[in-house]
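Here is the structure we will look at.
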Amino acid sequence: MSTNEIPLWEVFIRPRNGLSHKHCGSIHAADEVMALQAARDVYTRRGEGQSIWVVRSADIVASDPQDKDELFEPTADKVYRHPTFYDIPDEVGHM
Amino acid sequence: MYSQGLIGADDSTEETPEFLEAFQKRIDSEDKIEPNDAMPEGYRRTLIRMIGQHAHSEIVGMLPEGNWITRAPTLKRKAALLAKVQDEGGHGLYLYSAAETLGVSRAQMTEELLEGKAKYSSIFNYPTLTWADIGAIGWLVDGAAIMNQIPLCRTSFGPYARAMIRVCKEESFHQRQGYEIMMVLARGSEKQKAMAQDALDRWWWPSLMMFGPHDSDSQHGDQSMRWKIKRFTNDELRQKFVDATVPQAEFIGLKMPDPDLKWNEERGHYDFGPIDWDEFWRVVKGKGQMNRERIKARRKAWDEGAWVREAALAHAAKRRARQEANRQAAE
């Protein structure tokens, strides 16, 4: 990135307390203060949020989609991690 | 808010048949494509071009309406128009950020627009002569855009689909405020009614052109449909728009400027007259009434905003240096 390019930030918004922040897009801003201001102007024009996080896009570490199988496939055959794997007689009631 | 049939994208690819087939299988199973996924270069290029054109349309689309903000007839209309134009700026930004996930930079896209290389919706190369034009734009231009954008909420590229969902949620107000302006004028004095009719006469055909060339003349439609970037063809969307809009005009007592327009009982649709494609291509190729003016206005805004961008970066650097100095002093 050249020095006079305005960096990219990812924007996360908490719609209301009790919910987690959710990614909603990105914006360009020179620093974190302006990033928050721009995120507020661009992504919360209709009461979408109670709280905003901005994170420099360059600071996000993401898994590679190529590794998807290696990373996530192993969970598919571990059926014993799910409650339905265990047989409990109906007489026992809801468990 | 304003997408149009794609103009001149290169969707050729050179990938192996196996790769293309596997990709098509993902598309067919309605799996969304996300930015870091492997994708055919043609898919990437088509999307960059399409989302870029869409974003530019939002940004240029602020100009014809911005023209009337200071002259809006009431405070209510002024507040609504300001909010609408601000939304369009926001929509442009959602879309630029969606395009950036495909590896194109915002600076590159801006440069292409300012150099006149990038296309945007031809509709914005028409002038806004009277206040009624603001009503006609909201009702017809935003109406046509919504027709186009609702299916784009299900487009196969994730970030584009998510941006369109946000845009569509906000857009409904745009069309309603436009129709309300037209309704009030149409029920006003003879002079006001004539003004509304004149605006409809001038904006109707260009609105139909927004959907792009006929399917039979559209070079890129098929591949975009196969990749589920588009869900409906240009002609299908245009017909939906005509069917939805004609009764709205009748309701407020305005007449569509098309002598061939009539309900076709057999088809269950309105038939309408031929579109002047020579005019469409003239405008797309830069010979519309306002093409030069629009790019000139964007360049002026860019050049006159240069000091703001420089000042923001200088301020950020100064703050960073000060924070760094404070931290070292504290250690």
Side-chain angles (χ1 to χ4, degrees), chain A residues 1-16 19-49 52-73 76, chain B residues 26 31-39 58 82-101 104-110 158-160 162-167 169-173 305-306 308-323:
Chain A
M1 194 196 294
S2 72
T3 47
N4 60 357
E5 214 162 271
I6 297 182
L8 191 65
W9 303 74
E10 298 303 317
V11 180
F12 300 80
I13 290 180
R14 185 204 297 282
R16 56 173 196 274
L19 298 177
S20 49
H21 286 77
K22 194 175 162 209
H23 183 248
C24 66
S26 53
I27 42 113
H28 285 273
D31 68 14
E32 66 276 18
V33 179
M34 288 180 259
L36 270 180
Q37 185 65 46
R40 176 240 178 221
D41 289 346
V42 175
Y43 290 103
T44 66
R45 286 193 304 280
R46 287 176 175 75
E48 290 90 337
I52 305 175
W53 288 352
V54 289
V55 182
R56 258 178 195 272
S57 308
D59 288 341
I60 290 192
V61 183
S63 64
D64 186 337
Q66 306 254 6
D67 301 338
K68 200 171 69 179
D69 290 350
E70 190 184 314
L71 288 172
F72 307 113
E73 193 69 355
Chain B
R26 279 191 68 183
D31 194 7
K32 293 278 185 223
I33 308 303
E34 293 294 341
N36 294 329
D37 291 347
M39 62 183 86
E58 300 284 353
L82 245 161
K84 179 178 191 290
V85 172
Q86 193 192 4
D87 274 351
E88 278 146 23
H91 296 174
L93 296 181
Y94 306 159
L95 288 160
Y96 281 132
S97 83
E100 279 180 289
T101 65
V104 63
S105 78
R106 173 86 167 274
Q108 248 171 292
M109 287 186 282
T110 305
Y160 194 20
R162 292 191 287 274
M164 290 323 300
I165 290 169
R166 289 188 68 88
V167 169
K169 270 190 197 162
E170 298 180 358
E171 198 101 319
S172 163
F173 129 65
V308 180
R309 295 188 296 277
E310 283 160 21
L313 283 167
H315 177 70
K318 208 161 103 184
R319 273 191 68 233
R320 233 181 358 259
R322 199 180 298 143
Q323 281 168 352

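Letters go in sequence order (proteins before strands), and every chain restarts at 1.
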Could you tell me which non-hydrogen atom of B:E100 sits nearest to which non-hydrogen atom of A:H28, and how far apart they are?
OE2-NE2, 2.7 Å
Counting heavy-atom pairs under 4.5 angstrom with chain B, the leader among A:R46, A:M34, A:E48, A:Q66 is A:R46
One pair to check against salt bridge (Lys or Arg N to Asp or Glu O under 4.0 Å): B:D87 and A:R45. What are the steps and the verdict?
CA-CA 8 Å; B:D87 274 351; A:R45 286 193 304 280; 2.7 Å; yes
At a 4.5 Å cut-off on heavy atoms, which part of B:E34 comes close to chain A: side chain, backbone, both, or neither?
neither
Which one of B:K169, B:H315, B:E170 has the most heavy-atom pairs closer than 4.5 Å to chain A?
B:E170
With chain B, which of A:A62, A:A30, A:S57 has the greatest number of heavy-atom pairs at distances under 4.5 Å?
A:A30
Would you call the rings of A:F12 and A:W53 parallel, tilted or perpendicular, taking 30° and 60° as the class edges?
tilted
Heavy-atom proximity to chain A below 4.5 Å, by part of B:E310:
neither
Considering only heavy atoms and a distance below 4.5 Å, find which of B:R166, B:R106, B:R162 pairs most often with chain A.
B:R166
For B:V104 against B:A99, the heavy-atom pair lying closest together:
CG1-O, 3.3 Å
Heavy atoms of A:I27 and A:A38 approach each other most closely as CD1-CB, 4.0 Å
